[in-house]
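To start, the structure itself, in structure tokens.
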Amino acid sequence: MTDVVDLAQKLLGKKIVRIIDGKYIICRIVETEAYKAPEDKACHAYNNKKTEKTKFFWQIGGNLYVYSIYGNNMCMNITASDADKPEAVLIRAVEPIRGIEIIKKLRKFENKKETPGNLKTLTDGPGKTGASLDIDKSFNGVDLTNSDKIFLVDDEEYKFEVGVSKRINIDYAEEWKDKLWRFYVLNNVFVSKAPKK
DNA sequence: GTAAAGATCCACT
DNA sequence: GTGGATCTTTACT
């Protein structure tokens with residue numbers, strides 16, 4: 001049994017492998033946030049609020065919870081812990097390793113200005129991560145340990161330092177917004193920017 | 001059925 | 001740094 005906050009740290013540096021029509025996209029997780037219901041007000045499942053959308057929190061660890069926010073943005077979470085504990089880790093940003101041309105198509109980058117510096121904007125946010133891996137609501141409930149479309153791979157050789165901060169854009173969560181439950185790879189350009197306040 | 005808000009992104013100043 | 005776009009989900013009148 002793993003606490004969701006520990007899990008958020010452990011997921012950093014791991015690689016996500018996504019297979020689309022036999023082609024591989026590989027990304028490294030560089031930024032995560034922990035959400036821990038029922039007591040965490042920032043969590044969609046706060047106070048055990050169970051709806052059509054949030055019911056996927058109630059899974060054993062290692063499955064996906066996908067939700068849309070502000071319309072088109074798909075965000076990907078990995079559940080933690082047991083089926084009776086609605087806890088999950090939000091993947092906030094990834095670093096593309098393989099399949100970058102595929103990602104550019106998925107992100108509709110083909111018609112945009114291409115500069116050496118803007119590659120980082122491919123995947124430096126939660127909605128962008130979802131788009132880059134072609135995630136949609138059909139991935140809700142997918143078991144990452146037993147899927148031929150998406151799974152995780154350890155990378156023992158990748159060395160990095162872990163940064164910690166408050167979570168982002170959850171100002172409504174009162175005392176919970178100050179929890180240091182956001183983790184990221186220090187000095188990695190694909191990490192989204194720090195919070196405003 | 002209708003309204004209001006949201007774990008965001010993008011363009012623009 | 002600021003504001004609009006945009007649409008799903010949820011909670012009401």
Side-chain angles (χ1 to χ4, degrees), chain A residues 4-5 7-9 11-12 16 27 29-59 63-81 85-96 103-115 117-141 163-184 189-197:
Chain A
V4 64
V5 179
L7 181 66
Q9 290 182 70
L11 286 173
L12 281 181
I16 301 175
C27 293
I29 300 172
V30 297
E31 183 178 351
T32 61
E33 282 180 7
Y35 287 85
K36 188 172 184 172
E39 63 268 31
D40 176 9
K41 288 181 182 172
C43 185
H44 291 158
Y46 167 62
N47 199 22
N48 283 322
K49 187 172 78 172
K50 199 168 187 176
T51 66
E52 275 303 301
K53 176 172 104 171
T54 63
K55 67 182 180 185
F56 293 98
F57 267 96
W58 281 265
Q59 306 179 93
N63 288 17
L64 291 181
Y65 160 55
V66 178
Y67 70 94
S68 66
I69 188 65
Y70 297 104
N72 291 337
N73 305 298
M74 306 308 301
C75 296
M76 182 174 70
N77 299 252
I78 299 174
T79 57
S81 196
K85 292 183 180 172
E87 304 178 351
V89 176
L90 168 68
I91 308 300
R92 285 197 59 87
V94 295
E95 170 187 352
I103 293 174
K104 282 182 183 172
K105 279 191 178 181
L106 289 168
R107 292 269 290 111
K108 300 184 167 50
F109 242 62
E110 293 175 314
N111 298 325
K112 300 199 175 180
K113 281 188 239 170
E114 187 91 12
T115 64
N118 79 353
L119 188 63
K120 79 176 282 290
T121 65
L122 267 180
T123 59
D124 65 340
K128 298 174 185 179
T129 298
S132 297
L133 295 175
D134 198 23
I135 299 294
D136 61 37
K137 280 177 295 186
S138 72
F139 281 78
N140 257 319
V164 180
S165 81
K166 298 176 186 178
R167 291 176 294 177
I168 295 180
N169 283 334
I170 53 161
D171 290 343
Y172 54 85
E174 302 176 23
E175 70 270 24
W176 296 92
K177 74 178 194 292
D178 292 327
K179 293 286 180 187
L180 298 176
W181 286 355
R182 171 173 176 252
F183 303 98
Y184 55 95
V189 296
F190 291 95
V191 173
S192 64
K193 292 225 167 171
K196 301 167 191 172
K197 299 184 188 180

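Letters A, B, ... are given to chains in the order of the sequence lines, protein chains preceding strands, and every chain is numbered from 1.
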Base-paired stretches in DNA chain B with three or more consecutive Watson-Crick or G-U pairs, both distances under 3.5 Å, amount to B:1-6 with C:7-12, B:8-12 with C:1-5
side-chain contact (heavy atoms from CB on, under 4.5 Å) with A/W181: of A/D40, A/V164, A/V4, only one passes, and it is A/D40
- Query: For A/K41, which contact category applies under a 4.0 Å heavy-atom criterion: base, sugar-phosphate, or nothing?
  - Reply: nothing
request  = Kindly say if A/R92 contacts the phosphate of B/dT8, meaning a side-chain N or O under 4.0 Å from OP1 or OP2.
outcome  = yes
Rounded to whole Å, CZ of A/R107 lies from P of B/dT8 at a distance of 14 Å
Side-chain atoms of A/K49 come closest, of B/dA7, C/dT10, B/dC10, to C/dT10
The nucleotide from B/dA7, C/dT9, B/dC9 with an atom nearest the side chain of A/K128 is B/dC9
Does the side chain of A/L64 reach to within under 4.5 Å of the side chain of A/I78, using non-hydrogen atoms?
yes
- Query: Looking only at atom types and distance, does a side-chain atom of A/T32 sit under 3.5 Å from a main-chain N or O of A/A8, one as donor and one as acceptor?
  - Reply: yes
Exercise. Can A/E174 and A/K41 be counted as an ion pair, charged N to O under 4.0 angstrom?
Worked result: yes
Indicate yes or no: at least one non-hydrogen side-chain atom of A/S192 is less than 4.5 angstrom from one of A/I168. yes
Between protein and nucleotides 5-7 of chain C, what N or O pairs are separated by less than 3.5 Å?
| unit_1 | atom_1 | unit_2 | atom_2 | d |
| --- | --- | --- | --- | --- |
| C/dC7 | O2 | A/G71 | N | 3.1 |

side-chain contact (heavy atoms from CB on, under 4.5 Å) filter on A/F56, not counting sequence neighbours, yields A/Q59, A/Y65, A/N140
Picking from B/dA7, B/dT8, C/dT9, the nucleotide nearest the side-chain atoms of A/Y172 would be B/dA7
From CE of A/M74 across to P of B/dA7 the rounded distance in Å is 14 Å
When rounded to whole Å, the CG to C1' distance for the pair A/D124 and B/dC10 reads 12 Å
Whole-Å distance, A/R167 CZ to B/dT8 P, equals 12 Å
Taken to the nearest whole Å, CD/A/E31 to P/B/dA7 is 16 Å
TODO: Remember a base hit wins even if backbone is also touched, and classify A/I170 as base, sugar-phosphate or nothing at under 4.0 Å, heavy atoms.
DONE: sugar-phosphate
Out of B/dA7, C/dT10, C/dT9, minimum distance to the side chain of A/S68 belongs to C/dT9
Side-chain N or O of A/N169 versus OP1/OP2 of B/dT8: is the shortest distance under 4.0 Å?
yes
(Q) So A/W176 and A/R167, do their side chains get closer than 4.5 Å, heavy atoms only? (A) yes
Checklist line | Over 12 non-hydrogen atoms of neighbours within 6.0 angstrom of CD in A/E39 | finding: yes
| request: Find out whether A/F139 and A/M76 are in side-chain contact, i.e. whether some heavy atom of one side chain is under 4.5 Å from a heavy atom of the other. | output: no
In whole angstroms, the gap separating P of B/dC9 from NZ of A/K120 amounts to 11 Å
When rounded to whole Å, the NZ to P distance for the pair A/K179 and B/dA7 reads 19 Å
In whole angstroms, the gap separating P of C/dT10 from NE2 of A/H44 amounts to 10 Å
*asked:* For a quick check of understanding: with a heavy-atom distance under 4.0 Å over all strands, which category does A/K177 fall into, base, sugar-phosphate or nothing?
replied: nothing
| message | With hydrogens left out and only the distance checked, is there a donor-acceptor pair under 3.5 Å joining A/Y67's side chain and the base of B/dA7? | response | yes
message = Is the phosphate of C/dT8 approached by A/K137 (side-chain N or O, under 4.0 Å from OP1 or OP2)?
response = no
Check: Is any side-chain heavy atom of A/R182 closer than 4.5 Å to a side-chain heavy atom of A/V191?
Finding: yes
